[in-house]
Amino acid sequence: MPEAKIVLNVRKPNEAVGVIDIEGEVTAFGEPVLMDAYSTASDGTKAIVLNFTGLEYMNSGGIGLLVTLLIRAQRQGQRLLAYGLNDHYKQIFQITRLNEAIVIYDSEPASLAAV
Amino acid sequence: MNTPSGPSQENPRRDAANWAQPVQKLQVQGMPAEAPNLVDGRRLVGPLQGFGKMWQKTYRVRLEDASVTPPALIETWKANFSSLWPRGNRFYTPLTGIAPGEVALISLAAGPMKLSTGVMVLYADAESFTLMTPQGHMFAGWITFSAFDAPKEGASQEGEGAEAACCVAQVQVLMRAQDPLSEIGLALGGHKAEDRFWSSTLRALAARFDSEAEPEIQIACVDPRRRWTEAKNVWHNAGIRSGLYVAGAPLRWLRRSGKRDDAG
């Protein structure tokens, strides 16, 4: 399978929240690294924030990957939030109706304040 | 620790042309008169809007002996999408083909009756395309058709360059049954029928490249919970609507002939 062109960085701005900074391409091939990042970010947290500021490309496989991540978080009793999406990717969340399950914020402080 | 600022509007959008534009309700255009259109005015629904357990079903065929690239395979697949389906099922391809935002109508053989539904092309690029279901379809979700290179069975990762790789064609369905009736239908043979459907399609696709490879199936339950708030989706159920459509045929015929008489 092709290599995933994605770099993920996990941060914990406070005890309740894990932030995953996403840089590069979100495709189905990124599943192992995204799930690893989720495991690191979710340790003891009640919410996961996805930072899409560095998102360069996303295909439908990537959207599917976000759905499986969302279900995994929900089953752990965690909320999944997002920020840093440009207008194009906001539209993709809208057409796939992912925005009905993952609340999108304009900035990191806004998303952290919502937790 | 880095703390990035707000959203970057400068990001390149090289995937922009691959995605459909947002739509409130579907509109079907340029379909033949015999295609039953129960899709007009419906909303799109993804796996998050369905009722039943969420499944990820992956059907894959490895074309070990065929010399075809992933883009060439996808081009063939798009151009022959309808003819690769099992006999008795019909995919009414949009006039402009499988392109983002296009809506296709579908007539599916379901025992003695035909189920009428449709899909919208959510995403399409050179190596994949995705169909999204409307309200009333048996399931809510996405079906992604893709092709990629993978090492041949028994070949080392480093080794023999292009000779060590083969093209893999894949269908991946991420779905939930839309309503309780569809959930029961899937449990009572619907899932198996779907497995046979896509396996048959992949066999037919492989045959286009002179391959007799057998498809593999991987099934994973992503979410075992049912979403009872979505049980109301039964109102749009394609099986019920298709039955009503067939039952209403004499009335439609009478109405059409009345109009012809008035015009004459």
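Convention: sequence-line order gives letters A, B, ...; per-chain numbering from 1.
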task = Verify the neighbour count for atom CD of B/Gln27: are there more than 12 heavy atoms of other residues, nucleotides or ligands below 6.0 Å?
result = no
remark   = Okay, B/Gln21 and chain A: the region with an atom under 4.5 Å from a heavy atom over there is both
request  = Give a yes or no on this: more than 12 heavy atoms of other residues, nucleotides or ligands lie within 6.0 Å of atom CG of B/Asp65.
outcome  = no
inquiry  = Is A/Glu100 in contact with chain B via its backbone, its side chain, both, or neither, using a 4.5 Å heavy-atom distance?
reply    = side chain
request  = Evaluate the side-chain proximity of A/Arg75 to B/Pro224: yes if any heavy-atom separation is below 4.5 Å, no if none is.
outcome  = yes
query = Less than 4.5 Å apart, any side-chain heavy atom of B/Trp19 and any of A/Gln91?
reply = no
query = Side chain, backbone, both or neither: which part of B/Val45 has an atom under 4.5 Å from a heavy atom of chain A?
reply = both
Contacting region of B/Asp223 [heavy-atom separation from chain A under 4.5 Å] = both
ask   = Checking heavy atoms, do the side chain of A/Gln94, its backbone, both or neither come under 4.5 Å from chain B?
value = side chain
task = Would you confirm whether B/Asp15, through its side chain, and A/Met58, through its main-chain N or O, come within 3.5 Å as a donor-acceptor pair?
result = yes
message = Quick check on A/Leu98 against chain B: is it the side chain, the backbone, both or neither that has a heavy atom closer than 4.5 Å?
response = both
inquiry  = Take a 6.0 Å sphere around CG of A/Asn14 and say whether it holds more than 12 heavy atoms from other residues, nucleotides or ligands.
reply    = yes
remark   = With chain A, the option among B/Arg225, B/Met54, B/Arg43 that has the most non-hydrogen atom pairs under 4.5 Å is B/Arg43
message = Which one wins on heavy-atom pair count under 4.5 Å against chain A: B/Met132, B/Gln172, B/Gln56?
response = B/Met132
message = Between A/Arg97 (side chain only) and B/Leu44 (backbone N and O only), is there a donor and an acceptor less than 3.5 Å apart?
response = yes
task = Over all heavy atoms of both residues, which pair between A/Ala101 and B/Leu48 is shortest? Give the atoms and the distance, please.
result = CB-CD1, 3.8 Å
query = Taking side chain as C-beta onward, heavy atoms only, is B/Tyr123 less than 4.5 Å from A/Ile63?
reply = no
ask   = Is A/Asn59 close to B/Thr144 at the side-chain level, that is, under 4.5 Å between some pair of heavy atoms?
value = no
key: Reported CZ-to-CD1 distance for the pair B/Arg176 and A/Ile71, which is rounded to 0.5 angstrom   = 5.0 Å
message = Could you check whether atom NZ of A/Lys46 has more than 12 heavy atoms from other residues, nucleotides or ligands sitting under 6.0 Å from it?
response = no
note = Scanning both residues in full, the closest heavy-atom pair of A/Val67 with B/Pro47 reads CG1-CG, 4.4 Å
message = Just so I know, are the side chains of B/Phe129 and A/Ser60 near enough to count as touching, which here means a heavy-atom distance under 4.5 Å?
response = no
request  = Could you tell me whether a side-chain N or O of A/Arg72 sits under 3.5 Å from a main-chain N or O of B/Val222, the two making a donor and an acceptor?
outcome  = no
message = Taking atom CD as the centre, does B/Glu75 end up with more than 12 heavy-atom neighbours from other residues, nucleotides or ligands that are less than 6.0 angstrom away?
response = no
